[in-house]
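One structure is given below, encoded as structure tokens.
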Amino acid sequence: MAKTYENDKGNLIIEVSENAMEAYLTIKLTREVISEDEIKELLNRAGIVYGFENARDFNEETGFEKEYDSPFLIAKGGLEPFKSELVCNFNKNSCYNPQMDEQIVSGKDWYFVEAGTKLASIKIDESSNAVKNVHGVILEQRDLHSIYSTGYIDRNVTFKESDKAIYSTIKGYPYFKDGKLGVMDVLALRAEQVNDSQFLHFRTHVDIEGSLRNCNYIRVEGNITVHGDIEDCTIYATGNIHVDGTVFNCKPLGLISGRDIVFSSGRSSFVYAKGLIKPERLVIDSRMVAGDSILGSDKTFEISGGSCFAENYICGAYAGDRFNSSTRVELIENAYSQILTRSIMKTIENDILAPKIVKEMKKLIESIEADKSKEKSQVEEQGISFKGKVFPGVELVVNGNVTSFNKVESNVIVTL
């Protein structure tokens, strides 16, 4: 049953709801002047000590306006405003911040963590996680974990109640978004932040919007996707490399992948993949080397000039051109490790790389030499196949046997 309190003059009335979660004040229109102290005195008599801010916010949200002789909400029970502080175990200024890092990221050394790293502790006011009525009586103690989960945690982190701390669930770059802490496993960058860089090292997957240009060396521990072209760049990724557009003039080392490479077209570039290479359209005057296979579209992929080497299978639509450009297509044992290592050593000997990049290339050679294992081929076929046309000037080489052409031939297949 609701309780009612009235002042001696009868011009102030407070009504407290049966569950004591709401209190209403009525101010009667009389000739008497009502002071603030009179209202406070009646509130004290009714025992109302909590919920004034809640009521104010509720009235503002609902657009309620005070009127004489009509009750209005003056106090409202609810969850005590959460009081806590996030204490980070690192310098927050060292975090990747997509809002602040608008300039070129060259040389940027963002804070990086491994999975299971303790990122931050939470200092809390234990009394601030309770539901209270207008008398300030605690009706319910809320689960701290649920509050932390919504208040402090973003992607790829977890909260441990045992030590009230936040831990990374993956390796990556910590970040803050709307006051929440998370870990980023894919860096989303714009090409202009990366272009014209000397040396960049990213320790997670990278997604780049726009065309990359003039990057002397980018090392990615993971996959890299470029939504545009790549020109005059050297990129080494332990994972996959995916290029939506054209790979142009990327040499003497070009694109190197510890897994697969997918790109639309290429010109005057070198492309090395330990796994598969998947070109979609025309590749001119370039070198492609795959530890597994080169799988071009049998309708649109053309290779003209240059060379391509693989261990298991090479296929596409057209080889060569009407100008009889010299084009070599060959199956060779250990294509990736042998040819890539030889290319790196030759480039180092020519003394055209910066010392830091030379050091990185030597590390790559060491890792290739140390890893003699072979993964199972991702394709069942073996041999060379061009479903369209093969022009004079093309050499198809399998087991050291060279097949050359004096005229244009269609649907050419050479088995291993």
Could you check if a side-chain atom of [X] sits within less than 4.5 angstrom of a side-chain atom of [Y], using non-hydrogen atoms only?
X: Y175; Y: D154; value: yes
X: V183; Y: L119; value: yes
X: D57; Y: N59; value: no
X: V134; Y: Y50; value: no
X: V289; Y: L340; value: no
X: V194; Y: I218; value: yes
X: N156; Y: D185; value: yes
X: I277; Y: V271; value: yes

Checking the side chain of [X] only, and the main-chain atoms of [Y] only, is there a donor and an acceptor separated by less than 3.5 Å?
X: N350; Y: I352; answer: no
X: N240; Y: D260; answer: yes
X: S257; Y: A273; answer: no
X: S197; Y: L200; answer: no
X: T327; Y: G305; answer: yes
X: T347; Y: S343; answer: yes
X: N54; Y: K76; answer: yes
X: S325; Y: D321; answer: no
X: D229; Y: T246; answer: yes
X: S265; Y: V283; answer: no

Does [X] make a cation-pi contact with [Y], if we ask for NZ or CZ under 6.0 Å from the ring centre and within 45° of the axis?
X: K274; Y: Y336; result: no
X: K92; Y: F176; result: yes
X: K180; Y: Y152; result: no

Residue list, salt bridge (Lys or Arg N to Asp or Glu O under 4.0 Å) with [X], at least two apart or on another chain:
X: K346; value: none
X: K299; value: none
X: E311; value: K374

Query - Atom OH of Y5 with >12 non-hydrogen neighbours under 6.0 angstrom - result: yes
For the student: nearest non-hydrogen atoms of [X] and [Y], plus distance:
X: R213; Y: N195; result: N-OD1, 2.7 Å
X: L353; Y: M361; result: CD1-CG, 4.2 Å
X: G291; Y: N312; result: O-ND2, 4.4 Å
X: D292; Y: A310; result: O-CB, 3.7 Å
X: V262; Y: E280; result: CG1-OE2, 4.2 Å
X: I303; Y: M288; result: CD1-CE, 4.1 Å

Would you give the length of the straight line joining atom [atom1] of [X] to atom [atom2] of [Y], rounded to the nearest 0.5 angstrom?
X: L187; Y: I224; atom1: CG; atom2: CD1; answer: 10.5 Å
X: F90; Y: L181; atom1: CZ; atom2: CG; answer: 5.0 Å
X: I357; Y: L364; atom1: CD1; atom2: CG; answer: 13.0 Å
X: L25; Y: L73; atom1: CG; atom2: CG; answer: 10.5 Å
X: L42; Y: D37; atom1: CG; atom2: CG; answer: 12.5 Å
X: I344; Y: I339; atom1: CD1; atom2: CD1; answer: 12.0 Å

Quick one: side chain to side chain contact (heavy atoms under 4.5 Å, CB included) partners of [X], sequence neighbours excluded?
X: D178; value: none
X: D163; value: K118, K160, A165, Y167
X: N44; value: none
X: N324; value: P392

Query raised in the report: What residues form a side chain to side chain donor-acceptor pair (under 3.5 Å) with S385, not counting sequence neighbours?
Result: none
Query raised in the report: Who are the side chain to side chain donor-acceptor pair (under 3.5 Å) partners of N216, not counting sequence neighbours?
Result: Q198
**Report entry** Step-by-step salt bridge (charged side-chain N to carboxylate O under 4.0 Å, His left out) determination, R190 to E209
**Finding:** CA-CA 5 Å; R190 300 187 317 279; E209 189 65 41; over 6 Å; no
Residues [X] and [Y]: side-chain donor-acceptor under 3.5 angstrom:
X: S269; Y: S286; result: no
X: S264; Y: R281; result: yes
X: Y272; Y: R287; result: yes

Query - ring-ring contact (aromatic ring centres under 6.0 Å, His included): pairs with one or both residues in residues 386-416, sequence neighbours excluded - result: none
Query raised in the report: Tell me, which pairs form a ring-ring contact (aromatic ring centres under 6.0 Å, His included) where one or both residues lie in residues 204-255, sequence neighbours left out?
Result: F199-Y217
Query - Option passing side-chain contact (heavy atoms from CB on, under 4.5 Å) with I235 (candidates L255, L253, V206) - result: L255
Query raised in the report: Checking side-chain contact (heavy atoms from CB on, under 4.5 Å) for the pair L331/I384: CA distance, chi angles, key distance, verdict?
Result: CA-CA 8 Å; L331 295 186; I384 298 174; 4.1 Å; yes
Report task. Sorted by first residue and then second, give each side-chain hydrogen bond (donor to acceptor under 3.5 Å, both in side chains) pair with at least one member in residues 391-416; sequence neighbours left out. Result -> R328-E395
Query - Criterion side chain to side chain donor-acceptor pair (under 3.5 Å) on E360 and H201, from CA distance to verdict - result: CA-CA 11 Å; E360 290 290 326; H201 178 195; 5.9 Å; no
Query - From CA spacing to verdict: salt bridge (charged side-chain N to carboxylate O under 4.0 Å, His left out), K40, E36 - result: CA-CA 6 Å; K40 287 182 179 179; E36 184 178 338; 3.5 Å; yes
